[in-house]
Number of protein chains: 4
Amino acid sequence: MPRAVRERMMMDAAVRTFGRRGYRAASMDDIAEVAGVSKPLVYLYLNSKEELFIACIRREAAALLEAVTAGVQPGVSADLQLRSGLGAFFAHTTEHPDGWSVLHRQARTHGEPFAREAAKVRDELVAFVTQLIGAAAREADTGRGAGPGGGAPADRELAGLAQALVGAAESLAGWAIETPGVSAKEAAATLMNFSWMGLGRLMDGERWPATARR
Amino acid sequence: MPRAVRERMMMDAAVRTFGRRGYRAASMDDIAEVAGVSKPLVYLYLNSKEELFIACIRREAAALLEAVTAGVQPGVSADLQLRSGLGAFFAHTTEHPDGWSVLHRQARTHGEPFAREAAKVRDELVAFVTQLIGAAAREADTGRGAGPGGGAPADRELAGLAQALVGAAESLAGWAIETPGVSAKEAAATLMNFSWMGLGRLMDGERWPATARR
Amino acid sequence: MPRAVRERMMMDAAVRTFGRRGYRAASMDDIAEVAGVSKPLVYLYLNSKEELFIACIRREAAALLEAVTAGVQPGVSADLQLRSGLGAFFAHTTEHPDGWSVLHRQARTHGEPFAREAAKVRDELVAFVTQLIGAAAREADTGRGAGPGGGAPADRELAGLAQALVGAAESLAGWAIETPGVSAKEAAATLMNFSWMGLGRLMDGERWPATARR
Amino acid sequence: MPRAVRERMMMDAAVRTFGRRGYRAASMDDIAEVAGVSKPLVYLYLNSKEELFIACIRREAAALLEAVTAGVQPGVSADLQLRSGLGAFFAHTTEHPDGWSVLHRQARTHGEPFAREAAKVRDELVAFVTQLIGAAAREADTGRGAGPGGGAPADRELAGLAQALVGAAESLAGWAIETPGVSAKEAAATLMNFSWMGLGRLMDGERWPATARR
DNA sequence: GATGAATGAGGGTTCATTCAT
DNA sequence: AATGAATGAACCCTCATTCAT
């Protein structure tokens with residue numbers, strides 16, 4: 001069996017085992033057994049538990065990022081871009097719960113080197129959202145003229161908003177995975193309503209997409 | 001030295017060690033040393049590493065819940081109640097980062113028994129939020145009559161919204177802890193804007209509290 | 001059983017096992033078993049295989065050095081001092097063959113850190129011999145006046161001579177240990193004859209102590 | 001590439017690796033890599049690590065023995081024969097430090113089978129020296145008549161003297177290898193002075209070759 | 001009430017060795 | 001003739017846990 005194939009089997013086994021049992025609780029014996037190979041082979045190909053874990057994190061990070069990137073509809077309004085990105089995000093996390101666990105939970109709980117790696121993806125997602133709502137805000141701002149009160153959110157505020165949105169998405173990803181019957185689509189719809197309309201307007205019965213101010 | 005006091009010192013040491021090093025990486029030796037007692041004493045009082053961890057989770061859960069409960073202003077409008085609860089939440093997590101790490105990260109990453117315990121608190125917070133916005137929605141609904149489109153969110157939708165809000169709060173808690181210069185107050189304000197106004201209205205320069213429809 | 005006693009038992013077991021099987025071939029399990037304790041206890045007291053080995057080297061080095069130092073008769077002529085030192089040296093090595101193996105063979109064959117440690121003792125012995133024959137040479141030199149040819153050995157030559165003498169002693173130590181019936185005393189006598197008289201004079205039937213030039 | 005050539009490359013690599021890293025620390029992977037061939041080929045040609053090591057020892061032993069044998073000037077007096085043999089010995093060890101390490105250090109530190117093999121060469125060298133000084137002694141003895149005191153050394157004493165001389169040579173070989181600036185020639189001269197003249201006469205300023213009693 | 005002393009069990013890692021091709 | 005692929009066995013080390021005092 002060629003090396004590349006075996007290597008992927010091992011990483012699959014590792015992601016699955018790390019994701020379910022946790023980084024420390026997963027033994028290299030476990031992983032080798034799940035992969036259907038001997039332990040020395042895992043070491044031959046992937047060097048050490050740490051490197052294997054890092055490799056898993058990177059692979060899952062790349063996969064998630066690519067899924068989201070591929071899902072975002074380019075050239076449309078900010079809310080539509082967000083909506084499409086969220087759809088891809090929830091579709092991916094729902095379909096790869098172990099990978100999501102590695103990325104979102106395990107990598108962030110077992111020490112700096114791993115956390116740093118996981119932070120990279122998250123930071124990219126946060127940056128994407130920040131840029132998205134930043135652009136939308138500036139656009140709205142110019143179309144409005146300097147009115148009283150508020151104005152476009154400052155950079156610092158944007159950062160916080162993006163953190164909030166990403167956190168909400170992470171939470172809903174777990175909700176969709178754990179709650180039977182909740183689809184990726186529903187999660188995306190829920191989050192669009194929540195984030196774009198806000199509870200205030202939701203109370204009034206409005207839903208996204210609104211009768212469209214834009 | 002009375003037992004109760006010794007016990008609290010041990011739990012303090014445990015929360016600190018678990019929170020910083022992680023459940024698996026923290027050894028009973030470490031904890032005993034940080035607590036300033038001998039290891040057998042830890043076992044005498046707290047039986048096993050698992051029980052000790054569970055005890056930590058429960059204690060921190062109770063503390064957080066009490067802080068939030070005490071912080072919520074009773075008898076005011078939903079948004080004000082939320083605002084006061086968030087303020088208390090961020091104040092507590094910011095002041096007890098190790099406890100928050102135990103609760104939010106460690107407990108949820110190291111297997112079922114612990115995750116279940118941590119899920120309890122989270123579920124309570126989610127339930128609180130659900131009930132809050134549910135009440136607000138019903139109230140708004142009756143004052144409006146059956147108009148076209150939408151209406152009050154269904155229970156299932158409320159659950160999702162609450163998940164989103166709690167996730168956003170968790171994310172901002174981490175943001176406030178890790179980012180120097182971000183205060184609990186700022187986190188709360190950011191989240192109020194995000195959740196109550198929604199990005200849509202924020203883009204238009206509005207901020208919470210709005211010129212107030214209510 | 002008090003810690004100090006256990007610790008000595010472990011080091012005895014370690015010296016014996018390292019000395020007979022070699023550093024790498026001796027497993028910590030072996031050593032623990034020979035010592036009659038569990039493996040973790042060995043680690044508790046002595047930290048690691050490397051540290052244990054270093055500790056063995058140091059202990060055996062100190063023992064050998066003390067034996068020789070205690071054996072050298074002070075204040076007598078150089079040849080008598082050498083003879084007494086050699087007696088003590090061979091007596092010690094013959095009685096502690098495992099310690100001698102650790103010091104002379106194992107420590108010098110398994111990497112820099114250990115070799116450096118072993119080199120210390122050897123260097124001290126070489127220095128002792130160098131100083132001994134150096135003093136004797138200077139003494140003989142002054143009593144002679146500048147005659148033709150030769151003169152007292154230069155420093156560089158002294159160093160080589162000391163190396164040769166110590167090497168001869170090491171060789172005879174192994175010879176005495178391995179050859180049944182060869183006593184420490186005989187080894188010492190042989191080496192005195194060889195080193196002090198030289199083969200040239202031995203051929204002529206002379207033996208040490210000579211009819212005494214000094 | 002013919003088998004014989006490949007085989008020599010492997011043994012060169014093995015001697016180098018064993019000599020520098022030590023028998024246990026040298027892995028078959030290392031050796032194969034240094035040799036520039038695949039590991040199974042090493043096994044195909046040399047069967048096992050043990051056999052490979054034995055083969056190395058034998059080869060280096062033969063090389064050393066041949067160098068010394070070729071170096072000894074035949075038909076001259078004993079001291080001149082010794083001197084020529086020592087010259088060859090130091091020249092060879094100085095030029096082949098890895099082989100010397102294998103022979104003198106590694107082979108003797110890693111268990112019986114190897115030590116036995118190394119003992120063979122050493123015994124041959126010892127035997128050569130024994131026979132050399134034995135012949136010289138008998139010769140001197142007959143030319144002297146039974147005088148008082150001593151007489152020619154007994155066989156047992158000769159054995160010890162040879163051990164001492166060989167040990168001194170081994171020590172000086174290491175000294176010459178490790179000390180920059182010390183040549184094989186100097187080592188040989190030092191040892192001739194030490195062994196043939198003895199410290200006693202050296203102290204008096206004499207050097208070898210003496211003004212010659214013979 | 002408190003601890004010094006001790007261990008069973010298991011995890012990460014390496015290595016000599018062998019097939020199938 | 002030569003090798004890429006694979007593994008059984010062992011080794012160093014750590015840790016949760018328990019006695020005897």
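In what follows, chains are A, B, ... by sequence order, proteins preceding strands, each numbered from 1. Everything numeric here is computed off the predicted structure, so don't read it as measured data.
Each of F:dA5, F:dC19, F:dA16 was ranked by its minimum atom distance to the side chain of D:Pro40; first place goes to F:dA5. Of all nucleotides listed (E:dT14, E:dT17, E:dA5), E:dA5 comes nearest to the side chain of C:Tyr45. Closest to the A:Ser38 side chain, of the nucleotides F:dC12, E:dT17, F:dT7, is F:dT7. Side-chain proximity of C:Leu41 to E:dT14, E:dT17, E:dT7: nearest is E:dT7. Here the side chain of C:Lys49 is nearest to one of E:dA6, F:dC12, E:dT17, namely F:dC12.
Between B:Arg24 and D:Gly36, the residue whose closest nucleotide on DNA chain F is further toward the 5' end is D:Gly36. Comparing D:Ser48 and C:Arg3, the nucleotide of DNA chain E nearest to each residue sits closer to the 5' end for C:Arg3.
Between A:Asp12 and A:Arg59 there is a salt bridge, since a side-chain N of the basic residue sits under 4.0 Å from a carboxylate O of the acidic one. Between D:Glu170 and D:Arg108, at least one side-chain nitrogen of the basic residue sits less than 4.0 Å from a carboxylate oxygen of the acidic one, meeting the salt-bridge criterion. Contact check on A:Asp98 versus A:Arg16 returns no salt bridge, with no Lys/Arg side-chain nitrogen under 4.0 Å from an Asp/Glu carboxylate oxygen.
Rounded to an integer number of Å, the gap from D:Asp29 CG to E:dT13 P is 17 Å. Distance CD (C:Glu51) to P (F:dC12): 15 Å, rounded to an integer number of Å. Rounded to a whole Å, the CE atom of D:Met9 is 11 Å from the P atom of F:dA2. The CZ atom of B:Phe53 sits 13 Å away from the P atom of F:dA16 (whole-angstrom rounding). The CE atom of A:Met10 sits 11 Å away from the P atom of F:dA5 (whole-angstrom rounding). Atom C1' of nucleotide F:dT14 and atom CE of A:Met28 are separated by 17 Å, given to the nearest angstrom. As a whole-Å value, the separation of C:Leu44 CG from E:dG4 C1' is 10 Å. Here the P atom of nucleotide F:dC13 and the CD1 atom of C:Ile31 are 11 Å apart, to the nearest Å.
In this structure, B:Ala32 reaches neither bases nor backbone, as no heavy-atom distance under 4.0 Å exists between it and the strands shown. Within 4.0 Å (heavy atoms only), B:Arg6 reaches sugar-phosphate atoms of the nucleic acid but no base atom. Within the nucleic acid shown, C:Ala25 has no heavy atom closer than 4.0 Å to any nucleic acid atom.
Aromatic ring orientation, D:Tyr23 versus D:Phe18: tilted (interplanar angle from 30° to 60°).
A donor-acceptor contact under 3.5 angstrom links the side-chain atoms of A:Lys39 to the base of E:dT13.
Across all strands shown, the partner of E:dA20 is F:dT3, judged by Watson-Crick or G-U wobble contacts whose two distances both fall under 3.5 Å. Base pairing of E:dA9 is made with F:dT14, judged by Watson-Crick or G-U wobble geometry with both donor-acceptor distances under 3.5 Å.
Going from atom OG1 of B:Thr17 over to atom CD of B:Glu33 covers 9.5 Å, rounded to the nearest 0.5 Å.
In this structure, B:Arg6 fails the cation-pi test against B:Tyr45, since its NZ or CZ atom is not both closer than 6.0 Å to the six-membered ring centre and inside 45 degrees of the ring normal.
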